[in-house]
Amino acid sequence: MDIKLLIMNALQDLLKEKQVEAIEIEVEVPNDSSNGDFSTNIAMKLARVLRKAPFVIAEELVHELALDENVFTSIEVAKPGFINFYVNKEVYLGLIPKINANPSDYGSLTIGEGEHYNIEFVSANPTGSLHIGHARGAAAGDSLARILTKAGFNVTKEFYVNDGGNQIDNLAKSIHARYLQALGQECDIPEDGYHGEEIKRLAQKIVSEVGSRFLDEDGHHYFKNYGVNALLQTLEDDLKAFNVSFDIWYKESSLYQENKITETIQILKDKGFTYESEGALWLKTSAFGDEKDRVIIKSDGSYTYVLPDIAYHHVKLSRGYTKLINILGGDHHGYVPRLKAAIEMISGQQNLLDVDLLQMVKVLKDGQEVKMSKRSGKSITLSDLIEEVGSDPIRYFFAMRSLNTHMDLDLDLALKESNENPVFYAQYAHARIASLFRQATVKGYDLDLSIKTFSTLKGDKVALLLTVLNEYPHAIEEAALKRIPHKITHYIHRLSQALHSYYADEIILSDDALKVRERLALLHAVKAVLKDALTLVGVEAKEKM
RNA sequence: GUUUCGGUAGCUCAGUUGGAUAGAGCAACGGCCUUCUAAGCCGUCGGUCGGGGGUUCGAAUCCCUCCCGGAACGCCA
C-alpha cells in the first residue's frame, strides 16, 4: 500500500468537493520525523485562494479527510498550517512478504512506460586510456540507465566512437613513430600526437607481429585500424571492469559509409538553415539560441567536428527515441547550444536533447591532490583507479555526488575499512545479514521467508527499518525523474544505518523460534533491497567481508 | 570581457519549481564488546547558507550588485 498516494487521493477528493482543484498537492516526508511520516503544506497554499488563515483551513481539512483510521496513529495540524500524518508502522509489515515474494521486483515502477531514452556517455576517442573524467561520466551514465530502467523506462546506452577525424590520423602517426622507435630508429612523436604508454605497447606488439614490414611499405591504414581496434578493446575492457556496458557502439566512420553526412547536409540546406560565406558553409544556429552561426564545412572542403556530430544525432533521432540524453564534461558547455540548435532544425522539436554536464574531479591521496598517473604520465586513468582501490568505491563515490559539483575523490577514504567509508558501511550491512543466514543454517533454525503475518516485530528499530523499506520506491522515482543517482546512495546509507542500529540492539538468533523466523523474514527483505539498491549504482553486494 | 559550474558545520556534500527551530556523513568529544561480523552501536558538540541590497506573511532557494575558485569561449576535436 502506498500511503503517500493514499493521502494525495484523499486530499484530491476533498479539493474536488471544495472546487479548488487547480492547486497542486504536495505530500512530502518531513526532514524531522517528529513532524510526522508525511506532511502537506496544502493549507498554506489554499490560504490565498480561500482567504482564510492556513491553520483554520488545516483543521477543517483534517476533520473532513476520509482516511482509514487503522493506517494512521494520528493526523495533526502544526504551526503555520502544516498537516502531519503519523503512520501506524504495523501497516508496513505487509512489505516483508511482498518483498520476499519477488525481491528484485520491489521498487520497480511504471512511470517510464512509453518512454524510450537514449543515453550517450563516455564517448572517449579511441586514442588512449580512459581518464578520471570519463570514469565519472561512465559511472553517472550507467547508474542513471539502471535507475531509469528500474523506473520502467526503456533505455539504450550508447557510446559514440570518434574514429573519423584528424585525431585518428594523429593516432596512426603516433603509432608509426613508436613503431620506428621500437625498431631502433630516431623519430619524434608528431606535434598533435599521443604520448601514452599504451601507444608504445601497441607499437611493440605490431613489431612482434609484422616485424620491419612497414619500414618501406606505407603503414598508415594498418596503424590506424590496428590502433582503433586495439584501443577500443581496451576501453571496453576497462569499462567492463568498472561494471559499465553499452548497447550500441556507434562509429563515426559508419556515418561516412552510410552517407549520413551528405544526407544531413542536404536536409539542412533544403530547410534553408545554411549559407555560404568566405568560402565556407555556415549553419544558422544563432536563430535557435546559439550565440553565433557555426561553420560546418570549412573553406578547404573538410568538415568541422560539429557536422558529423549533427549527422550522428540525426541517426539517433531517426531511431525514434522519446529523449536523447548526452552526458558530457563541463568543458563542453559552450558546445551544447549549437548541438541543440541543430537538433531543433532537424526534428522541429526543442527539447528532444538534454545535456547533463559533469564537473571536474580532484583526486586526493595522502591528503594531497594527485594530478598525474604514474604510468602514462598524463592524467589519472580509470584503470589506475581500479587497480588502486577497486571498482566499487569509485562507482559509489561518483554516484554520491550530483554531477554539477566539483568533487573530491579521496583514495585513502576509498580504501578504509570502517564506517568512515560509506561503501564499506553499506556492504558491511549486507554482509552482516548474509552472515546471519549462514549462522541460522548452521544452527538449524527453521526458516520461513514466506510468512505473511507478524506478531513479534516491535519497537523503534523495527519501525525505522520498515519506514525506510517503504521509502524505496519513492527514492527510485525521485532519482529517475530528477536524474540524480545520489538519491540512491543516500537511501542506501539510510537503510544500512537502520540495519546496523537494529542489529546492535537485538540478538537476532535467540531461542525463541517464532521471533527468529519473523526477524529473519524482515532481514531477508532488508538484504534484498540493499542488494537491489547497490546494483542500481553498479556496486557489488558482498555476502562475506 | 562573455558564457558556465561552484562558494551551506573543522572536512566532504545534500537541500535551490520559496515554507516548520537549515540537514547528512565523516572528524572532534563522551560512553558501549565473556553473546549472531565493535569493519558496529548510543550520545554530545558544531553553521552571519561568500558579502550587501531588494521582493514576500515567509528566502539557502527568486531579483539586483559585488567578491572568491574551477572550466569554456577556433573554419581544433
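All values below were derived from every heavy atom in this structure, side-chain atoms included, with hydrogens, water molecules and symmetry-related copies excluded. This one's a predicted model, so the numbers in the text were calculated from it and none came from an experiment. Throughout, protein chains are lettered first and strands after them, A, B, ... in sequence-line order, and every chain is numbered starting at 1.
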J.: Could you list all N or O pairs between the protein and nucleotides 18-20 of chain B that sit under 3.5 Å apart?
T.:
residue, atom, partner, partner atom, Å
B:rA20, N6, A:Ser39, OG, 2.4
B:rA20, N6, A:Asn84, OD1, 3.1
B:rA20, N1, A:Asn84, OD1, 3.0
B:rA20, N1, A:Asn84, ND2, 3.1

J.: Closest approach to the side chain of A:Gln359, judged atom by atom: which nucleotide of B:rG40, B:rU37, B:rG70 is it?
T.: B:rG70
J.: Report yes if a side-chain nitrogen or oxygen of A:Asn421 is closer than 4.0 Å to either non-bridging phosphate oxygen (OP1 or OP2) of B:rG25; otherwise report no.
T.: no
J.: Partner lookup for B:rA20, please. Criteria are Watson-Crick or G-U wobble with both distances under 3.5 angstrom; report none if nothing qualifies.
T.: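 With both distances under 3.5 Å required, B:rA20 matches none.
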J.: Identify each atom pair where a protein N or O and an N or O of nucleotides 75-77 of chain B are less than 3.5 Å apart, giving names and distance.
T.:
residue, atom, partner, partner atom, Å
B:rC75, O2, A:Ser299, N, 2.9
B:rC75, O2, A:Ser299, OG, 3.0
B:rC75, N3, A:Ser299, OG, 3.4
B:rC75, N4, A:Glu278, O, 3.2
B:rC75, N4, A:Glu278, OE1, 3.4
B:rC76, OP2, A:Lys298, NZ, 3.0
B:rA77, OP1, A:Asn166, ND2, 3.4
B:rA77, OP1, A:Lys298, NZ, 3.3
B:rA77, OP2, A:Tyr305, N, 3.0
B:rA77, O3', A:Gln167, OE1, 2.5
B:rA77, O3', A:Gln167, NE2, 3.3

J.: Taking the C1' atom of each, how far is B:rA14 from B:rG23, in whole Å?
T.: 7 Å
J.: Does any non-hydrogen side-chain atom of A:Glu478 lie less than 4.5 Å from one of A:Tyr491?
T.: no
J.: Between the protein and nucleotides 6-10 of chain B, which nitrogen or oxygen pairs come in under 3.5 angstrom?
T.:
residue, atom, partner, partner atom, Å
B:rG6, OP1, A:Asn404, ND2, 3.4

J.: With P as the reference atom in both, quote the distance from B:rU4 to B:rU65 in angstrom, rounded to an integer.
T.: 13 Å
J.: For the residue pair A:Thr274 / A:Lys269, report whether a side-chain donor-acceptor contact shorter than 3.5 Å exists.
T.: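 No donor-acceptor contact under 3.5 Å links the two side chains.
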J.: With a non-hydrogen cut-off below 4.0 angstrom, is A:Lys443 in contact with a base, only sugar-phosphate, or nothing?
T.: nothing
J.: With a 4.0 Å heavy-atom cut-off, tell me which residues in residues 488-506 of chain A come close to RNA chain B, sorted by residue number.
T.: A:His490, A:His493, A:Gln497, A:His500, A:Ser501, A:Tyr503, A:Ala504, A:Glu506
J.: Looking for any heavy atom pair under 4.0 Å, which part of the strands does A:Ala431 touch: base, sugar-phosphate only, or nothing?
T.: base
J.: Please tabulate, for side-chain N and O atoms in residues 163-172 of chain A, each donor-acceptor pair with protein atoms closer than 3.5 Å (sequence neighbours left out).
T.:
residue, atom, partner, partner atom, Å
A:Asp163, OD1, A:Glu252, N, 3.2
A:Asp163, OD1, A:Ser253, N, 2.7
A:Asp163, OD1, A:Ser253, OG, 3.4
A:Asp163, OD2, A:Ser253, OG, 2.6
A:Gln167, NE2, A:Asn162, O, 3.4
A:Asp169, OD1, A:His220, NE2, 3.0
A:Asp169, OD1, A:Lys224, NZ, 3.4

J.: The side chain of A:Ser435 is closest to which nucleotide in this list: B:rU37, B:rC36, B:rA14?
T.: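 Of B:rU37, B:rC36, B:rA14, B:rU37 is nearest to the side chain of A:Ser435.
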J.: If only side-chain N and O atoms of A:Arg432 are considered, is one of them under 4.0 Å from the OP1 or OP2 phosphate oxygen of B:rA38?
T.: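 Affirmative; the distance criterion is met.
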J.: Is A:Glu506 salt-bridged to A:Arg519, cutoff N-O under 4.0 Å?
T.: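 Looking at A:Glu506 and A:Arg519, the cut-off is met.
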J.: Taking only residues two or more places apart in sequence, or in another chain, which ones meet A:Gln350 in a side-chain hydrogen bond (donor to acceptor under 3.5 Å, both in side chains)?
T.: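 Partners of A:Gln350 under the side-chain hydrogen bond (donor to acceptor under 3.5 Å, both in side chains) test: none.
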J.: Could you tell me how far B:rC64 sits from B:rC57 if I compare only their C1' atoms? Round to whole Å.
T.: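 Rounded to whole Å, the distance is 23 Å.
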J.: Using the P atom as the reference point in each nucleotide, state the distance between B:rG53 and B:rG47 in Å, no decimals.
T.: 22 Å
J.: Between B:rC49 and B:rA22, how far apart are the C1' atoms? Round to whole Å, please.
T.: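 Going atom to atom, C1' in each nucleotide, I get 7 Å.
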J.: Have a look at A:Met545 and say if it touches a base, only the backbone sugar-phosphate, or nothing, with a 4.0 Å heavy-atom cut-off.
T.: base
J.: Taking the six-membered ring for Trp, are the ring centroids of A:His490 and A:His493 within less than 6.0 Å of each other?
T.: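 Not under 6.0 Å, so no.
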J.: Using only side-chain N and O atoms of A:Lys461, determine if any of them is under 4.0 Å from OP1 or OP2 of B:rC42.
T.: yes
J.: Check every strand shown and say whether A:Glu417 touches a base, only sugar-phosphate, or nothing at a heavy-atom separation below 4.0 Å.
T.: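 Touches a base.
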J.: Which value, in whole Å, describes the distance between the P atoms of nucleotides B:rU21 and B:rG30?
T.: 33 Å
J.: When you look at A:Tyr503 and A:Leu436, which way does the side-chain contact (heavy atoms from CB on, under 4.5 Å) test go after all the steps?
T.: CA-CA 10 Å; A:Tyr503 183 94; A:Leu436 282 175; 3.9 Å; yes
J.: Can you check the distance between B:rA27 and B:rU12, where both ends of the measurement are the P atom (answer in whole Å)?
T.: 15 Å
J.: Give me the distance, rounded to whole Å, that separates B:rG7 from B:rC13 when you measure between the C1' atoms they each carry.
T.: 13 Å
